[in-house]
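Notes follow once the structure below has been shown.
Because the structure is predicted, anything quoted here is derived from the model rather than measured. A note on names: the letters A, B, ... follow the listed sequences, proteins ahead of strands, and every chain is numbered from 1.
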Amino acid sequence: MDRVNEPTPYERSFFERAPDDVARALIGSVLQVRDAHRVRRARIVETEAYAGFDDPGSHAYRGPTPRTAVMFGPAGFLYVYLIYGMHWCVNVVTEGVGTPSAVLLRGAVLLGHDDADDAAVNLRGPGNLTKGLGITGSDSGLDSCDPHSRVSFLSAMSTVADSAIGVTRRIGLSKGRERESRYFLVGDSAVSKVPPADR
DNA sequence: ACCACGATGCACT
DNA sequence: GTGCATCGTGGTT
């Protein structure tokens with residue numbers, strides 16, 4: 001019972017670019033997560049770019065640690081970490097070995113949900129996104145470019161106009177707040193509410 | 001628009 | 001021991 005039009009995930013070269021380019025390109029793209037029961041897909045509506053050594057807001061800023069090791073590896077791999085003791089945050093690594101950088105997924109909208117449970121899933125905010133799709137620390141380090149990967153990225157179902165993508169400073173940081181590296185689909189309800197002072 | 005809080009675990013110095 | 005790339009709620013101006 002093979003699917004005829006099984007989509008292939010973005011290849012590694014998609015992620016081998018500056019994190020801001022990838023963050024922008026991921027808006028409108030599809031995040032796919034498989035579990036034992038089903039495959040779920042969600043449209044990405046908000047991302048943030050984190051650069052490497054020159055970005056004090058990035059976990060890679062102070063060099064590799066056991067936790068952040070994936071960020072220093074090849075592009076396309078997932079970096080998932082726990083924040084405030086209760087929320088998982090998922091990133092995809094960008095650029096490549098020697099230039100640690102990543103894109104944080106901050107908001108999405110579930111696609112093709114048939115039942116009421118799915119319709120109620122809230123993927124607004126990085127913590128809600130991972131919770132709603134069942135992404136945890138055990139997904140950290142997996143290769144999203146592997147066709148069999150549990151988590152992968154697929155191309156947008158429709159093109160997103162540049163004018164539909166907003167850019168602001170990033171949210172929730174104490175360091176590196178100046179950087180304009182937050183990308184979002186203008187007007188989408190799954191986009192985080194921005195602290196106005198942050199703009 | 002702004003501030004404050006509690007929940008809750010752990011990586012890092 | 002300190003400080004989080006959060007979330008929801010509730011209070012004040």
Side-chain angles (χ1 to χ4, degrees), chain A residues 15 17-27 29 31 33 42 44-73 75-95 99-110 117 120-142 144 151 153 165-185 187-199:
Chain A
F15 302 101
R17 293 185 276 165
D20 282 88
D21 292 346
V22 177
R24 180 182 284 272
L26 281 176
I27 299 300
S29 296
L31 174 64
V33 181
I44 299 168
V45 299
E46 185 181 354
T47 59
E48 275 178 358
Y50 287 88
F53 301 115
D54 58 339
D55 178 4
S58 171
H59 288 176
Y61 185 59
R62 297 178 189 283
T65 66
R67 181 182 59 148
T68 63
V70 229
M71 278 190 76
F72 292 78
F77 284 68
L78 297 189
Y79 166 48
V80 186
Y81 68 92
L82 186 67
I83 184 90
Y84 294 108
M86 59 191 94
H87 305 293
W88 296 105
C89 291
V90 60
N91 298 249
V92 60
V93 175
T94 54
E95 296 182 279
T99 40
S101 61
V103 172
L104 169 68
L105 306 183
R106 291 193 55 92
V109 178
L110 202 63
D117 285 351
V121 171
N122 169 23
L123 306 179
R124 182 172 83 184
N128 289 332
L129 187 151
T130 53
K131 185 184 176 208
L133 294 174
I135 295 171
T136 71
S138 64
D139 293 308
S140 197
L142 71 75
S144 79
V151 180
F153 298 88
I165 299 179
V167 187
T168 68
R169 279 140 87 132
R170 298 173 297 187
I171 294 179
L173 288 76
S174 65
K175 284 162 282 184
R177 316 181 82 236
E178 326 76 28
R179 210 176 253 266
E180 302 264 332
S181 288
R182 170 176 172 261
Y183 301 85
F184 59 96
L185 200 56
D188 196 287
S189 61
V191 170
S192 308
K193 307 200 168 189
V194 210
D198 245 22
R199 267 193 283 219

key: Main-chain N/O of A/Ile171 paired to A/Glu48 side chain as donor or acceptor, under 3.5 Å   = yes
message = Strictly distance-based, threshold 3.5 Å: is any side-chain N or O of A/Arg170 a donor or acceptor partner for the main-chain N or O of A/Ser181?
response = no
remark   = Side-chain contact check for A/Asn128: nearest option of C/dC7, C/dA5, C/dC4 is C/dC7
key: Residues within residues 79-92 of chain A bordering DNA chain B, heavy-atom distance below 4.0 Å   = A/Tyr84, A/Gly85, A/Met86
message = Go through it in stages, so that I can follow the logic: the residues are A/Leu31 and A/Leu133, the test is side-chain contact (heavy atoms from CB on, under 4.5 Å), and I'd like the CA-CA distance, side-chain angles, deciding distance and then a yes or no.
response = CA-CA 10 Å; A/Leu31 174 64; A/Leu133 294 174; 3.5 Å; yes
Using atom [atom1] of [X] as one end and atom [atom2] of [N] as the other, report the distance to the nearest whole Å.
X	N	atom1	atom2	answer
A/Leu104	C/dC4	CG	P	16 Å
A/Lys131	B/dA7	NZ	P	17 Å
A/Arg179	C/dA5	CZ	C1'	13 Å
A/Arg62	C/dC4	CZ	P	10 Å
A/Arg169	C/dA5	CZ	C1'	15 Å
A/Tyr183	C/dA5	OH	C1'	16 Å
A/Lys193	B/dA1	NZ	P	11 Å
A/Arg177	C/dC4	CZ	P	11 Å

Nearest 0.5 Å, what's the [atom1]-[atom2] distance between [X] and [Y]?
X	Y	atom1	atom2	result
A/Leu26	A/Leu105	CG	CG	6.5 Å
A/Arg67	A/Tyr79	CZ	OH	4.0 Å
A/Leu104	A/Thr47	CG	OG1	8.5 Å

query = Given A/Asp188 and A/Glu46, is the side-chain contact (heavy atoms from CB on, under 4.5 Å) satisfied, shown in steps?
reply = CA-CA 9 Å; A/Asp188 196 287; A/Glu46 185 181 354; over 6 Å; no
Which nucleotides of DNA chain B pair, in dot-bracket form (Watson-Crick or G-U under 3.5 Å, | meaning another strand) = |||||||.||||.
message = The test is side-chain contact (heavy atoms from CB on, under 4.5 Å); show your working for A/Phe153 and A/Ser144 and say whether it passes.
response = CA-CA 7 Å; A/Phe153 298 88; A/Ser144 79; 3.7 Å; yes
Report each atom pair, protein N/O against N/O of nucleotides 10-13 of chain C, whose distance is under 3.5 angstrom.
none

request  = Show the numbers, then the answer: is there a side-chain contact (heavy atoms from CB on, under 4.5 Å) between A/Asn91 and A/Tyr81?
outcome  = CA-CA 9 Å; A/Asn91 298 249; A/Tyr81 68 92; 3.6 Å; yes
Sequence neighbours excluded and cut-off under 3.5 Å, please list the side-chain donor-acceptor pairs for residues 122-132 of chain A, or say none.
residue: A/Asn122; atom: OD1; partner: A/Arg124; partner atom: N; Å: 2.9
residue: A/Arg124; atom: NH1; partner: A/Ser189; partner atom: O; Å: 3.3
residue: A/Asn128; atom: ND2; partner: A/Arg124; partner atom: O; Å: 2.7
residue: A/Thr130; atom: OG1; partner: A/Trp88; partner atom: O; Å: 2.7
residue: A/Thr130; atom: OG1; partner: A/Pro126; partner atom: O; Å: 3.4
residue: A/Thr130; atom: OG1; partner: A/Gly127; partner atom: O; Å: 3.0

Rounded C1' spacing from B/dC10 to C/dG8 in Å = 22 Å
request  = For B/dT13 and C/dA5, measure between their P atoms and round to the nearest Å.
outcome  = 13 Å
query = Looking across every strand, which nucleic acid part, if any, lies under 4.0 Å from A/Asn122 by heavy atom: base, sugar-phosphate, or nothing?
reply = sugar-phosphate
request  = Looking at every strand, decide which applies to A/Gly125 at a 4.0 Å heavy-atom threshold: base, sugar-phosphate, or nothing.
outcome  = sugar-phosphate
request  = Please name all residues satisfying ring-ring contact (aromatic ring centres under 6.0 Å, His included) with A/Tyr50, sequence neighbours left out, ordered by chain then number.
outcome  = none
N/O (side chain, A/Thr68) to phosphate O (OP1/OP2, B/dA11) under 4.0 Å = no
task = Please list, chain by chain and in numerical order, all residues satisfying side chain to side chain donor-acceptor pair (under 3.5 Å) with A/Thr68, sequence neighbours excluded.
result = A/Thr65
